[in-house]
Amino acid sequence: MQTKESLKQEAQRILRANDRGGFTIPTAGLYPFQWLWDAGFTALGWMQFDERRAWEEFDRLFLGQWENGMLPHIVFHRPEPTYFPGPERWGVARTPPTSAITQPPVVATFVRWMLEQAQDQALAEAKARSLYPKILAYHRWFKRERDPANTGLITVLHPWETGADNSPAWDEALARVEVDPALPPYTRRDTAHVDPSQRPHQTEYDRFLTLLEVYKRAGFDQLGLLRECPFRVASLLIDCVLHRANRDLLWLSRRLGLGNEAEIEGWLKASQQGIESLWDEEAGLYFNRDLRTGEAIRVGVSASFLPLYAGTASPARAERLLRTLQDWAQQVRYLIPSTDPYSPRFEPQRYWRGPVWAVVNYLIALGFAEYGYPEMAERIRQDTLKLCEVTGFSEYFHPLTGQGLGGGAFSWTAAIYLAWGQAAGPVR
Ligand code: GLC
């Protein structure tokens with residue numbers, strides 16, 4: 001086991017090695033472009049040793065923003081043959097090319113934290129001011145094009161938008177997507193980099209790719225897709241991250257004197273109710289919802305704890321969540337497994353069906369700390385740091401053995417180690 005200091009050096013080295021000149025790839029080979037929520041976490045890591053470089057991560061990310069405000073989940077800054085589906089398959093005619101879906105919108109929150117932490121306040125304020133209108137346009141897009149009926153819940157059109165691609169929460173909703181019989185042939189690249197037992201199944205990939213063809217045929221028209229897309233869910237990852245991001249956008253609006261408070265407060269009121277409608281009293285958890293059937297998706301996943309991060313949960317619900325997680329902790333050595341370890345769908349080494357993800361731990365631990373449960377927050381933090389110390393900066397980890405899984409030298413895991421590893425105490 002290496003010392004904390006040498007691991008910190010190693011984490012910085014990973015970010016530098018994955019730096020492609022202003023944007024950071026998640027890991028070479030497997031993920032060679034800039035991803036939206038990875039960019040956010042990575043910026044928090046850069047912030048610990050190079051503030052200018054941290055802000056640059058967002059400048060590059062927003063080069064991919066669409067005129068309608070949408071911030072895509074991948075920006076293909078330059079061609080790379082090692083990933084599929086790349087820009088040709090997405091068919092988005094833009095420079096730089098991008099995907100056509102989004103991801104958990106962490107940016108507003110992390111911009112706030114970076115502004116609060118910055119040594120160089122002048123730079124931070126200038127950056128926050130220039131990013132603010134772009135983030136506002138992005139959040140307006142969510143509301144206008146993904147919740148036009150003001151239900152308080154965003155409609156998600158692809159499992160990739162949730163960041164938790166093959167979570168068992170999407171099993172039924174995805175199974176209902178009929179594989180396009182005319183699906184153009186393709187070769188997966190992910191299984192050339194990582195053992196297939198740690199990656200999604202082929203049946204899921206065919207449906208992921210079918211959905212891309214659905215968007216292309218619809219000309220990426222969101223309002224049409226809201227009616228016709230065969231996959232439509234409400235995802236705690238999107239709704240809770242967006243709720244907190246709107247709280248932080250509100251804070252930025254006040255702090256920078258920008259005057260959008262009433263509009264943002266209206267969104268918060270709706271999403272507060274929307275998220276709390278996902279609570280399940282019997283399970284002591286929040287569940288995602290299938291928006292085609294209107295039914296709760298009754299599978300516990302790590303995102304089920306995110307209303308603590310959003311700040312929407314009542315103290316009584318927070319207490320239930322604590323007890324549920326304590327119960328999960330009886331089944332695994334390391335928190336937080338991405339799927340309820342009591343569920344028959346729990347697969348401890350397959351991607352989002354069981355493994356521990358450092359970035360999700362970071363958000364949930366913050367939630368527990370803010371609700372007055374510092375012991376649980378610290379337990380999650382220590383588990384996360386120990387996983388990095390014992391097995392390195394892997395993409396995700398086996399919750400029973402601690403084995404590092406998926407891609408290696410992974411940017412967001414290294415970034416979490418830097419942002420969270422400094423000392424015990426406040427989570428951020
Ligand atoms: C995978 C993950 C997603 C992440 C991306 C890049 O697709 O599921 O959450 O953003 O890899 O690391």
Side-chain angles (χ1 to χ4, degrees), residues 1-61 75 77-78 80 106-107 109-121 123-124 127 131 193 334 356-363 365-366 380-397 402 404-428:
M1 193 150 103
Q2 300 180 52
T3 65
K4 286 200 164 43
E5 194 47 42
S6 70
L7 269 154
K8 227 169 93 183
Q9 298 299 330
E10 170 71 2
Q12 293 189 7
R13 198 196 57 72
I14 288 175
L15 294 195
R16 289 208 181 89
N18 288 339
D19 185 4
R20 292 293 178 271
F23 70 93
T24 315
I25 60 168
T27 188
L30 183 64
Y31 296 121
F33 305 105
Q34 191 181 28
W35 263 257
L36 193 167
W37 72 322
D38 297 62
F41 289 102
T42 304
L44 294 182
W46 280 111
M47 199 63 192
Q48 309 308 314
F49 63 106
D50 187 342
E51 294 192 1
R52 192 162 286 279
R53 179 59 189 78
W55 290 106
E56 213 182 343
E57 195 71 32
F58 289 136
D59 292 341
R60 297 300 293 271
L61 182 68
V75 186
H77 289 291
R78 56 171 90 143
E80 289 285 351
V106 290
V107 182
T109 298
F110 295 0
V111 165
R112 172 186 176 169
W113 294 353
M114 284 163 58
L115 178 58
E116 286 175 326
Q117 289 172 14
Q119 303 292 320
D120 187 343
Q121 275 294 312
L123 173 69
K127 289 293 184 183
L131 287 166
H193 303 290
Y334 297 97
V356 176
W357 292 73
V359 291
V360 177
N361 279 8
Y362 191 69
L363 304 183
L366 176 60
I380 298 168
R381 175 173 170 274
Q382 288 302 339
D383 282 8
T384 313
L385 299 181
K386 181 151 337 124
L387 285 167
C388 298
E389 283 157 16
V390 174
T391 53
F393 300 105
S394 294
E395 185 180 8
Y396 43 97
F397 301 91
L405 301 168
F410 218 88
S411 293
W412 70 8
T413 311
I416 291 297
Y417 192 81
L418 290 170
W420 215 3
Q422 309 300 337
V427 174
R428 60 168 230 263

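For clarity, every value in this text was computed on a predicted model and none was experimentally measured. The residues of the chain are indexed from 1 along the displayed sequence.
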Check whether any side-chain heavy atom of [X] lies under 4.5 Å from a side-chain heavy atom of [Y], and answer yes or no.
{"X": "L131", "Y": "V107", "result": "no"}
{"X": "V75", "Y": "R60", "result": "no"}
{"X": "L7", "Y": "F393", "result": "yes"}

Nearest-0.5 Å distance, [atom1] of residue [X] to [atom2] of residue [Y]:
{"X": "T3", "Y": "K8", "atom1": "OG1", "atom2": "NZ", "value": "10.5 Å"}
{"X": "K127", "Y": "D59", "atom1": "NZ", "atom2": "CG", "value": "3.5 Å"}
{"X": "E395", "Y": "S411", "atom1": "CD", "atom2": "OG", "value": "11.0 Å"}
{"X": "I416", "Y": "T42", "atom1": "CD1", "atom2": "OG1", "value": "8.5 Å"}
{"X": "L418", "Y": "Q9", "atom1": "CG", "atom2": "CD", "value": "9.5 Å"}
{"X": "E116", "Y": "M114", "atom1": "CD", "atom2": "CE", "value": "12.0 Å"}

Looking at every non-hydrogen atom in both residues, tell me the closest pair between [X] and [Y] and how far apart they are.
{"X": "Y362", "Y": "A419", "result": "OH-CB, 4.0 Å"}
{"X": "T413", "Y": "C388", "result": "CG2-SG, 3.8 Å"}
{"X": "S394", "Y": "G404", "result": "OG-CA, 3.2 Å"}
{"X": "E389", "Y": "Y417", "result": "OE2-OH, 3.0 Å"}
{"X": "G40", "Y": "V106", "result": "CA-CG2, 4.1 Å"}
{"X": "N18", "Y": "A409", "result": "ND2-O, 3.1 Å"}

Can you confirm whether Q121 is buried at CD, in the sense that more than 12 heavy atoms of other residues, nucleotides or ligands lie under 6.0 Å from that atom?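 Atom CD in Q121 is packed in, count exceeds 12.
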Check: [Y] main-chain N/O paired with [X] side-chain donor or acceptor under 3.5 Å:
{"X": "E51", "Y": "D120", "answer": "yes"}
{"X": "R78", "Y": "R20", "answer": "yes"}
{"X": "Q48", "Y": "L44", "answer": "yes"}

Return a table of donor-acceptor pairs under 3.5 angstrom between the side chains of residues 22-36 and protein atoms on other chains or two or more places apart.
residue: T24; atom: OG1; partner: W46; partner atom: NE1; Å: 3.0
residue: T24; atom: OG1; partner: R53; partner atom: NH2; Å: 3.0
residue: T24; atom: OG1; partner: E57; partner atom: OE1; Å: 2.6
residue: T27; atom: OG1; partner: G408; partner atom: O; Å: 2.7
residue: Y31; atom: OH; partner: R199; partner atom: NH1; Å: 2.8
residue: Y31; atom: OH; partner: Y351; partner atom: OH; Å: 2.7
residue: Q34; atom: OE1; partner: L61; partner atom: N; Å: 3.4
residue: Q34; atom: OE1; partner: H77; partner atom: NE2; Å: 2.8
residue: Q34; atom: NE2; partner: E57; partner atom: O; Å: 3.1
residue: Q34; atom: NE2; partner: E57; partner atom: OE2; Å: 3.0

Verify whether the ring centers belonging to F410 and Y396 lie closer than 6.0 Å.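 No, the ring centres sit 6.0 Å or more apart.
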Ring center gap for F397 and Y334 short of 6.0 angstrom: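 Aromatic pair excluded; centres sit 6.0 Å or further apart.
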For I380 and T384: C-alpha separation, side-chain torsions, deciding distance, then whether side chain to side chain contact (heavy atoms under 4.5 Å, CB included) applies. CA-CA 6 Å; I380 298 168; T384 313; 4.2 Å; yes
Pick one: which of W37, F58, F41 meets ring-ring contact (aromatic ring centres under 6.0 Å, His included) with F110?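 It is F41; the other options fail the test.
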Could you check E56 against R52 for salt bridge (Lys or Arg N to Asp or Glu O under 4.0 Å), going step by step and ending with a plain yes or no? CA-CA 6 Å; E56 213 182 343; R52 192 162 286 279; over 6 Å; no
